[in-house]
Amino acid sequence: MSRAWLIGAGPGDVELMTLKATRALAQADVVLVDDLVNPEVLQFARADALVVHVGKRGGHPSTPQAEIVAQMLEHVRAGRSVARLKGGDPFVFGRGGEEQQALHAAGIEVEVVNGITAGIAAPAAIGIPVTHRDHAQGVVFVTGHSAGSGEPDWRALVATRMTLVIYMGMRRLNDIAGTLLAAGMAADTPCAAIESATRPGQRHALAQLGGLADAVARAGLGSPAIVVIGGVASLALARAAANADAAGAR
Ligand code: SAH
């Protein structure tokens, strides 16, 4: 019987993919691959699998969501097993929820295989834990790209005093930082932006909230990147300072 999976490929580093993900991938006749998926993960797919890139990076036009779902339905109905590969976790800002709904509506069961989301992996890649008893009692994953569901209530988020982990926030970073400052967040709140985390091109910038947008612009960071705002980011700052000291002592 044909099967359908929504698989999280993790943040980039192939070794951060789950065993379950690699096993599901190895069973698929068709693999529909998203933008942010590291192509190296396709080593786990069958050599004879049909691989379709549906992402907008790398010069391909983005495939509309309805078209992706239509392709999945077509293959499953033709008796082929389909793996839908997404960056990070399929249910964190990946539209996996929408695809699951559409498949369910068409009477097709879909198995979800979690992946490590960039919002945890990217901070960790530079030593930032998203929670820490001394700094934050919780973490908020939020999109900086407001399309679809409206603007997040940034003022309410500031009031939680939790770590803010912002996905898709680079283009509007200046606005977001300004809104957080206006909502009363301290200008010296530690922040980090991490681009292409867990990949060979990983880069980051550390700054205080008041200088975040400038620091990111100076470092020339762009998408894909995760922005971390809150006391936990000081743990990376401490490490970067220690590294600078070590370099100075050499
Ligand atoms: N489902 C994905 C998120 C998709 S939204 C997940 O769980 O990780 C796309 C956003 O994820 C990007 O704009 C960026 O904010 C973030 N992202 C994904 N991969 C990343 C990486 N390797 N490094 C930094 N940010 C990443």
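Note that this is a predicted model, so its numbers are computed, not measured. Heavy atoms only: backbone and side chains are in, while hydrogens, waters and symmetry mates are out. Note that ligands are numbered from 1 as they come in the structure, with each ligand's atoms numbered from 1 the same way.
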_Check this for me: does any side-chain nitrogen of one of Glu111 and Arg84 sit under 4.0 Å from a carboxylate oxygen of the other?_
no
*Given that the side chain starts at C-beta and the backbone is N, CA, C, O, which of these parts of Ser223 lies under 4.0 Å from ligand 1, counting heavy atoms, or is it both or neither?*
neither
_Any N or O of Ala122 closer than 3.5 Å to N or O of ligand 1_ = no
*asked:* Under the criterion salt bridge (Lys or Arg N to Asp or Glu O under 4.0 Å), I'd like the reasoning laid out for Arg172 against Glu151: C-alpha separation, chi angles, the key distance, then a yes or no.
replied: CA-CA 12 Å; Arg172 295 188 51 233; Glu151 185 74 10; 3.2 Å; yes
*In this structure, are over 12 heavy atoms from other groups packed under 6.0 Å from Asp153 atom CG?*
yes
*Contact between Gly12 and ligand 1, counting heavy atoms under 4.0 Å?*
no
*Quick one: which ligand 1 atoms are inside 4.0 Å of a heavy atom on Thr117?*
6 (C), 7 (O), 8 (O)
_ligand 1 versus Leu36: contacting region, heavy-atom distance under 4.0 Å_ = side chain
*asked:* Below a 4.0 angstrom heavy-atom separation, can you tell me which part of Ile194, side chain or backbone, both or neither, approaches ligand 1?
replied: backbone
*asked:* Is it the case that ligand 1 has an N or O less than 3.5 angstrom from some N or O of Ala118?
replied: yes
_Interfacing atoms of ligand 1 (cut-off 4.0 Å, heavy-atom, Ser196)_ = 22 (N), 23 (N), 24 (C)
_Going by side chain to side chain contact (heavy atoms under 4.5 Å, CB included), Val165 matches just one of Thr117, Val130, Val232. Which one?_
Val130
_Is it true that, when you exclude Glu15 itself, more than 12 heavy atoms of the residues, nucleotides or ligands shown sit nearer than 6.0 Å to its CD?_
no
*Purely on distance, is any nitrogen or oxygen of Phe93 under 3.5 Å from one on ligand 1?*
no
*Quick one: does Thr198 get within less than 4.0 Å of ligand 1, heavy atoms only?*
no
*In terms of atom number and element, which parts of ligand 1 are under 4.0 angstrom from non-hydrogen atoms of Asp89?*
1 (N), 6 (C), 7 (O)
*Could you tell me whether a side-chain N or O of Tyr167 sits under 3.5 Å from a main-chain N or O of Gly119, the two making a donor and an acceptor?*
yes
_For Asp29, run the salt bridge (charged side-chain N to carboxylate O under 4.0 Å, His left out) check against Arg46, Arg3, Arg80 and tell me which one passes._
Arg46
*asked:* Heavy atom to atom 15 (O) of ligand 1, shortest distance: which of Ala121, Pro224, Ala197, Ala225 holds it?
replied: Ala225
*Of all the heavy-atom pairs spanning Ala205 and Ala219, show the shortest one and how long it is.*
CB-CB, 4.2 Å
